[in-house]
J.: 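Got a structure for you, written out below as structure tokens; questions coming shortly.
Here is how names work: the chains are called A, B, and so on, in the same order as the sequence lines, proteins then strands, and each is numbered from 1.
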Amino acid sequence: MVRRWHEWLLTLPSLTWLVVFFLIPSLLVFAISFRPAGPYGGIGEGWTLETWQGLANPNYPEIVWRTVWLSVLTTVLCIAFGLPVAYALARMEGPWRNRLLLLIILPFWTNFLIRIFAWRTLLHPEGLVKDVLLLFRLASPETQLLYNSWAILLVLVYSFLPFSILPLYAAAEKFDFSLLDAARDLGASRWRAFVSVFIPGVSAGLLTAFLIVFIPVLGSYAIPDIVGGPTSEMIGNKIAQRVFNDRNLPHASALSSILALIVILPMLAVLVRRRRRGDGAAGGRAA
Amino acid sequence: MRRSRIPFLTTLVVLAFFYLPILILAVQSFNHAKFGGRWRGFSLRWYEELMRREDIHRAAWNTLLVATSSTLVSMLLGTLAAWVIYRHARTRLQRFHFGLVYAPLVVPDILMGMSLLLFFVNLTVPLSIVTIIIAHTTFCISYVAFVVLGRLQDFDEALIDAAQDLGAGWGSIVWRILLPLLGPGMLAGGLLAFTLSIDDFVITFLVSGPGDTTLPLKIYGMMRRSSPTVINALSVIMMTVTFTIVLISQRIMLKKQ
Amino acid sequence: MNKKLLLILVLPLAALAALFTSACRWQSRPALYVYNWDAYMAPEAVKLFEKRFGCRVVLDTFDSNEAMYAKVKAGAGGYDVIFPSSYQAYIMHEEGMLLELDHALLPNLASVDREYLHRFGIDKGMAYSVPYMTGSTGIGYRESAVEGFEPSWTVFDRADLRGRMTLLNDMRETLGAALKLLGHSLNTRDEAQINAAADVVIRWKANIAKFENEGYKQGIASREFHVVHGYSGDILQVIEENDDPDIVYALPVEGFSIWEDGMVIPVDASNAGLAHAFINFMHDPEVAVMNMEYNYYMCPNTAAYALVDPELKEDPNVFIPEALRAKAEMIEPLGEDLQKYIRAWDRAKAER
């Protein structure tokens, strides 16, 4: 009895905040997708399924496919690079650990646009990177480094890598590294120990990293807009176009609901996993 | 047993990768040219302009204020949320709670911004710095909660049980056991929240009141008609100042110990 | 331990700061809230207004008409004067968002260029908006990089410039350019013509690096792009700033678009009187000249024409000669027919 009261008390702050400032507004938005678009971009009267039917646009499948594969690849790369960095950080001692953490996050306190424009300078057809590539004969003078899917991938990985490092570090910091030594004692190679002991040990951090990289990348529009070419649009671009250029809010809401649905799937997977792990709490000892 | 050097080397590569554009940025801040990347001679004009531009000072101040406030509040609420979700994981309330915490991650910022704007307008809440802080806190809670949840994996319940056996009240359990253990997770989550808040454009654009410009808003505006070259100077100053502050505070704390 | 100390220190500081910031609003001078594009008004002009009327001007900037509209329509008020483009102002007027202007408070409107208004204006009677600046959308290019340049939209068909050109990411402007190339009006409501324009854009897509609304200035200055589709004042600013005679602005012979940014007062403006004074001030001939010399656009004010710097006056890119002007059109609102453009633009952007 007392337990339940405790639980409610602790849950109330975040619950209230999110219900008031998130749930209600979001339901509003979902409802908008069922209204027709007003003539000048407002929301019309009445309810309709037209907007959802309008989603059957022949151009969308390619855009969706591109969005999905770019997002998956970005996430995989972010985690692949994030894991060793988190590991190195967690193993570090002394004041340098926090300094390094700060050094890692500091570049991302400059403005997003400025960083991306710095990349445009770097990848300029007559810029630094191109010169280096030409030197090693890895490119020809006509090679265009920017305005294609690869440029988008590069800048996405750049922008989201710290988002994978932070949660992985948070989990790794708690990891008992003596387990690794034990594994080595038992004859496992360094790689084997890393994969079979460390990675499962930070699996919750891994999940968080996956979520907070994959999902925003899926909906990103600024990066594909600035460094992408005319043939590398993503879903986010379309949503932004609908909201700002075409002023078709219902359509944008519908598109976003689709995006949300694509992402609900991992969430369901998480919930199922939490259930299977012995009644929710890791360790399964919560009463 | 030789420890692999791969993690350390990877970290160096990653750091180099992170700072490459920053280097360009820093060099450009001394470039006389306003548009384009060509070097047009060394010049401090951007730093001079920065000193003059009060509108940029105001925007920077607003950005800092919003980021700090929303980070602090979301650290509090997010950690609380993570703790409860972890502790009482099986209940229906927590599953709903978890879904609610997860959801903001999923919604694109345009829609979140529009929905919050409509919400504030319908309640005739005047748009101001406060509405911006509320908006930022809302999406930051989820990030902090998830990072802290990641840290709660394999949390040793026995510690709490033992403390309770020894007669400790919840107060000291929180202060002496939970906070130190969750500390790095909270810090990581807080850093994440701060980073997100500093750069947010769309949501801030929609829920800000007249005169409440933040840096991202200012910079996007500069893109269209002029050129945000002066911001390079601001970035260099900002990074230098932050790093110096942290170094100094670390020295002070080390001395105390 | 130390992190907690830091937290405890920061919290009250933050609270103090919040109080301080909100207290700043209580200043004695009345405030005029202006919502404009960035770097559009000469700073000296704004300061002059502040001094003359004993107030302070709080300036917020937006980067696109649509973003501004979405925000204001949703209810985010508080602005006294807004500077939308003319077609956006029309829409805002239709939606009942604007105040009818009181011409008694706007004596300087007498010197607004009537010929311009009659020919290009959407709000010809200045009932709800007053023109601020007008300009054109044309082609900026680097003489040294483009052999045998012809001032025509066909430049975007040139395969030798592949990957070094940009088009505006603006549905009406880019489809408009294609329409002009095909000899149609850029305000056409004929779906066949619009679709033909979309096909042209798809053809052009193969040659351009990307669709770009802002970065083209940086791009052409840094030699990243050799040919860009852009606004007159922007490109002239680049030429001026970079002291680069290599960059030239050209108006295509097939025709091009003229656009206008105007000044409007939203219905919920808290200071309509001061707002009117501001609008009137902008058409004070000397002020208009200050602004023109700052942003390289043209303020349609006949009294100002006489006072403007002769170098600017002779610049065919700012004061467009009649022969070219005959082919120019203002982008007009199309109501329901806009859907045809949206469909065509969607297709143009997605298809190869």
Side-chain angles (χ1 to χ4, degrees), chain A residues 7 10-11 13-15 17-18 21-23 25-26 28-29 81 84-85 87-88 95 102-103 105-115 118-119 121-122 124 166-167 169-171 173-174 184 190 204-205 208 211-212 215 219 239-240 243 256 259-260 263 267 279-283 285-286, chain B residues 1 4 6-8 10-11 14 18-19 21-22 24-25 37 77 80-81 84 86-90 93 97 100 102 104-108 110-111 115-116 118-119 134 138 141 143 146-147 149-151 153-154 157 184-185 188 191-192 195 198-199 215-216 219 231 235 239 242-243 246 250 254:
Chain A
E7 181 195 338
L10 290 174
T11 316
S14 48
L15 194 68
W17 185 285
L18 285 170
F21 295 116
F22 175 73
L23 190 62
S26 301
L28 249 160
V29 167
F81 280 97
V85 176
Y87 179 92
L102 184 72
L103 272 178
I105 201 78
L106 210 54
F108 298 89
W109 287 355
T110 59
N111 182 266
F112 172 74
L113 270 186
I114 302 291
R115 288 198 300 277
W119 270 112
T121 309
L122 268 171
H124 194 280
L166 284 174
Y169 161 71
E173 201 262 356
K174 181 122 189 356
R184 297 290 302 281
R190 281 200 291 241
T208 306
L211 291 175
I212 69 179
I215 297 170
I239 298 181
V243 174
S256 311
L259 204 63
V263 187
M267 166 168 151
D279 296 319
R285 286 161 71 190
Chain B
M1 250 174 298
S4 168
I6 295 181
F8 182 67
T10 315
T11 311
V14 165
F18 281 177
Y19 279 89
I22 305 296
I24 299 283
L25 210 127
L77 291 177
L80 206 56
V84 193
Y86 166 75
R87 190 100 167 120
H88 301 279
R90 280 164 306 142
L93 174 66
H97 190 207
L100 206 56
Y102 179 93
L105 295 181
V106 169
V107 174
I110 302 180
L111 283 241
S115 67
L116 274 168
L118 291 169
F119 178 73
I134 291 179
T138 310
I141 288 180
Y143 284 89
F146 268 86
V147 172
L149 263 176
R151 186 156 173 79
Q153 175 181 15
D154 301 331
E157 304 265 345
L191 282 175
L192 196 57
T195 312
I198 273 195
D199 255 344
L215 223 44
I219 296 176
I231 303 296
S235 307
M239 285 181 53
T242 315
F243 196 61
V246 174
Q250 271 199 328
L254 277 175

J.: Side chain from CB out, backbone as N, CA, C, O: work out which of these in Leu113(A) comes under 4.5 Å of a heavy atom of chain B, or both, or neither.
T.: side chain

J.: Considering residues at least two apart in sequence or located in another chain, which fulfil the side-chain hydrogen bond (donor to acceptor under 3.5 Å, both in side chains) criterion with Tyr143(B)?
T.: none

J.: Can you name the nearest heavy-atom pair linking Pro21(B) to Arg115(A), along with the distance?
T.: CB-O, 4.2 Å

J.: Chain B: which of Ile212(A), Leu102(A), Ile114(A) shares the most heavy-atom pairs with it under 4.5 Å?
T.: Ile114(A)

J.: Is the side chain of Thr208(A) donor-acceptor paired with the backbone N or O of Phe146(B) at a distance under 3.5 Å, no angle test?
T.: yes

J.: Sort Val147(B) into side chain, backbone, both or neither according to what part of it lies under 4.5 angstrom from a heavy atom of chain A.
T.: both

J.: If you count heavy-atom pairs under 4.5 Å between each of Ile24(B), Asp199(B), Thr10(B) and chain A, which one has the most?
T.: Asp199(B)

J.: Among all residues two or more places apart in sequence or in another chain, which pass the ring-ring contact (aromatic ring centres under 6.0 Å, His included) test with Phe8(B)?
T.: none

J.: Examine whether an atom of Ile105(A) lies under 4.5 Å from a heavy atom of chain B, and if so say whether it belongs to the side chain, the backbone or both; otherwise answer neither.
T.: side chain

J.: Provide the closest heavy-atom pair for Val14(B) versus Phe81(A) in the form atom of the first, atom of the second, distance.
T.: CG2-CD2, 4.2 Å

J.: Should Asn111(A) and Pro216(B) count as side-chain neighbours, where that means a heavy-atom distance under 4.5 Å?
T.: yes

J.: Side chain from CB out, backbone as N, CA, C, O: work out which of these in Leu192(B) comes under 4.5 Å of a heavy atom of chain A, or both, or neither.
T.: both

J.: Measure the spacing between CD1 of Ile231(B) and OG1 of Thr110(A) and express it to the nearest 0.5 Å.
T.: 11.0 Å

J.: Check Leu25(B) against Ala118(A) and note the closest heavy-atom contact, atom names and distance.
T.: CD1-CB, 4.3 Å

J.: At their closest point, which heavy atom of Gly185(B) faces which heavy atom of Ala170(A), and how far apart are they?
T.: CA-CB, 4.0 Å

J.: Less than 4.5 Å apart, side chain to side chain, heavy atoms only: is that true for Thr195(B) and Phe112(A)?
T.: no

J.: Hey, what do you get for CG (Leu103(A)) to OG1 (Thr11(B)), rounding to the nearest 0.5 Å?
T.: 11.5 Å

J.: Using a 4.5 angstrom heavy-atom cutoff, name the option from Phe108(A), Tyr169(A), Tyr87(A) with the most pairs to chain B.
T.: Phe108(A)

